[in-house]
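Numbered from 1 within each chain, the chains take letters A, B, ... in sequence-line order.
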2 protein chains.
Amino acid sequence: MRADAKRNYDRIVEVARMAFRERGYDTSLDQIAKDAGVGPGTLYRHFPTRDDLIDAVMKAWVDHVEETTDKALTHEGGPREVLLNWFEEYVRLISVHKGGPAKITGAMGDEASPIRSKCQVLQSAGGRVLDRLREEDAVRDDVTPLEVARLVGGIAAVADQSGLEPAAVRPMLEVVADGLMK
Amino acid sequence: MRADAKRNYDRIVEVARMAFRERGYDTSLDQIAKDAGVGPGTLYRHFPTRDDLIDAVMKAWVDHVEETTDKALTHEGGPREVLLNWFEEYVRLISVHKGGPAKITGAMGDEASPIRSKCQVLQSAGGRVLDRLREEDAVRDDVTPLEVARLVGGIAAVADQSGLEPAAVRPMLEVVADGLMK
DNA sequence: CGACAATACGGAGACTATCTCCGTTTAGCA
DNA sequence: TGCTAAACGGAGATAGTCTCCGTATTGTCG
């Protein structure tokens, strides 16, 4: 990749990150190009579709998911607390951008989605937490990680769209957690 | 209202109903106007915003909600079955149009939403079911009808966006139901 | 019945966003 | 330094939203 290409690529991703965070995933791409100081052609060459740009913005975020999961696994307290803590972290993780929860949860299980790899990272992260709790025989085992991701993702999507405070989300996560406990 | 105005109004609503069902709430309004045989001006005079049109389309649907709730209340079986049955009906009710679950659940608790009255109908319907189950002391009482609506609505939104079969939705509803039982 | 005022109609067009094409510019190598 | 492949970016095609306003229709009243 040529130096000027990389420069522009990085600038676009950086501008897009801010734009998505502040204005949501449906913000104007031409505006992002303008803010990044490039023409729309440049943006669309690097990122043929909106999802390709979203995917690029999420690259750095993946490391953060791994790290957060590790922390959640060492969380003190009983199984219910570990699960709830993970749920809260999960909601926070997928809510970094406006529209993120709906986007990510909607793409889950979709083989063809450009952000598929990100969803898999999340899903396996959740799987690790569930496995750990199942070792303790604390969580029912007729529910898949995908279903759990959808349950919590659904709550996050609603919270995101309705602009709910974390305190308002908590009771709903508790219902799901209780429903999952043995 | 003049006779010709009513004629056009009704045609627009009818065409919109089909369009929303088939192509989702983000389908072109100009196209709906064209299909209804009117100019865009006519559509936008009757329905200044997209939500106003959605609201009109939902008018008839309200009766259906009441009716469905009555049936759910007389459902045979234990409390868990009654609750699950209601959840499934609820999901079906808000999924009549593509994008409906997200739209309706997102508007819940929003005082200014044009479809606010529809949400309240749904919420009070859910409240009736919960009240009935609480009489039997079957359901925990630290959860509000609004929270339950958001939990189930979140699942419906995810299912709608991912195109899930009812059979795939059921286990998730079970988790929420179990989490709500005492 | 005929005329008129109020009401409704609908299309042209302004505005905004998406996305492409292609002539121009530039980086990096020989 | 000069060449070529790569990258740039803006003009413009396409499509959706929404408004304005001249035209047409309705229904009433004399």
Next on the checklist: So Ala3(B), base contact, sugar-phosphate only, or nothing? Heavy-atom distance under 4.0 Å.
Outcome noted: sugar-phosphate
Item to check | Tyr44(A) side chain near dT20(C) phosphate (N/O to OP1/OP2, under 4.0 Å) | outcome: no
Next on the checklist: Quick check for you: among dA8(C), dC19(C), dG11(C), whose closest atom lies nearest to any side-chain atom of Met1(B)?
Outcome noted: dA8(C)
Checklist entry - Whole Å only: how far is the CZ atom of Phe47(A) from the P atom of dG9(D)? => result 14 Å
Checklist entry - Of the nucleotides dC8(D), dC9(C), dT20(C), which has the atom closest to the Arg45(A) side chain? => result dC8(D)
Checklist entry - So does His46(B) get a side-chain nitrogen or oxygen closer than 4.0 Å to the phosphate oxygens (OP1/OP2) of dA8(C)? => result no
Item to check | dA15(D) OP1/OP2 closer than 4.0 Å to side-chain N/O of Ser28(B) | outcome: no
Checklist outcome for this item: Contacts of Tyr9(B) and Arg50(A) projected onto DNA chain C by closest heavy atom; the upstream (5') one is Tyr9(B)
Checklist outcome for this item: In whole angstroms, the gap separating C1' of dA7(D) from CD1 of Ile12(A) amounts to 11 Å
Checklist entry - With a 4.0 Å cut-off, would you call Asp141(B) and Lys182(B) a salt bridge? => result yes
Checklist entry - More 5' along DNA chain D: Val38(A) or Gly41(B), using each one's nearest nucleotide? => result Val38(A)
Next on the checklist: What is the separation between atom CG on Asp4(A) and atom C1' on dG9(D), rounded to the nearest whole Å?
Outcome noted: 12 Å
Checklist entry - Closer than 4.0 Å, any side-chain N/O of Arg2(A) to the OP1 or OP2 of dG28(C)? => result no
Checklist entry - For Arg11(A) and dC8(D), what is the distance between atoms CZ and P respectively, to the nearest whole Å? => result 12 Å
Next on the checklist: What I want to find out is whether Glu14(B) reaches Arg11(B) closely enough, with some N-O distance under 4.0 Å, to be called a salt bridge.
Outcome noted: no
Checklist entry - Can Asp35(B) and Gln31(B) be counted as having a side-chain donor-acceptor contact under 3.5 angstrom? => result yes
Next on the checklist: Classify the ring geometry of Tyr25(B) against Phe20(B): parallel below 30°, tilted from 30° to 60°, perpendicular beyond 60°.
Outcome noted: perpendicular
Item to check | Residues Arg128(A), Asp70(A): salt bridge by 4.0 Å N-O rule | outcome: yes
Checklist entry - Given dA8(C), is OP1 or OP2 found less than 4.0 Å from the side-chain N or O atoms of Thr42(B)? => result no
Checklist outcome for this item: Taken to the nearest whole Å, CG/Asp26(A) to P/dG16(D) is 17 Å
Checklist entry - So, is Asn8(A) close to the dA7(D) phosphate, meaning a side-chain N or O under 4.0 Å from OP1 or OP2? => result no
Item to check | Nearest-angstrom distance from the residue atom CG of Asp30(A) to C1' of dC15(C) | outcome: 14 Å
Item to check | Rounded interatomic separation in angstrom, taking NZ from Lys34(B) and C1' from dG16(D) | outcome: 11 Å
Next on the checklist: Counting the atoms with a prime plus P, OP1 and OP2 as sugar-phosphate, which does Thr49(A) contact under 4.0 Å by heavy atoms, base, sugar-phosphate, or nothing?
Outcome noted: nothing
Item to check | Lys6(A)/Asp10(A) salt bridge by N-O under 4.0 Å criterion | outcome: yes
Checklist outcome for this item: Of dC9(C), dC8(D), dA17(C), the nucleotide closest to the side chain of Ala5(B) is dC9(C)
Next on the checklist: Within the 4.0 Å heavy-atom criterion, would you say Pro48(B) contacts the bases, only the backbone, or no part of the nucleic acid?
Outcome noted: nothing
Next on the checklist: If I take atom CZ in residue Arg23(B) and atom P in nucleotide dA15(D), what distance separates them, rounded to the nearest angstrom?
Outcome noted: 15 Å
Checklist entry - Of the candidate nucleotides dC9(C), dT17(D), dC8(D), which contains the atom at the shortest distance from the side chain of Leu29(B)? => result dT17(D)
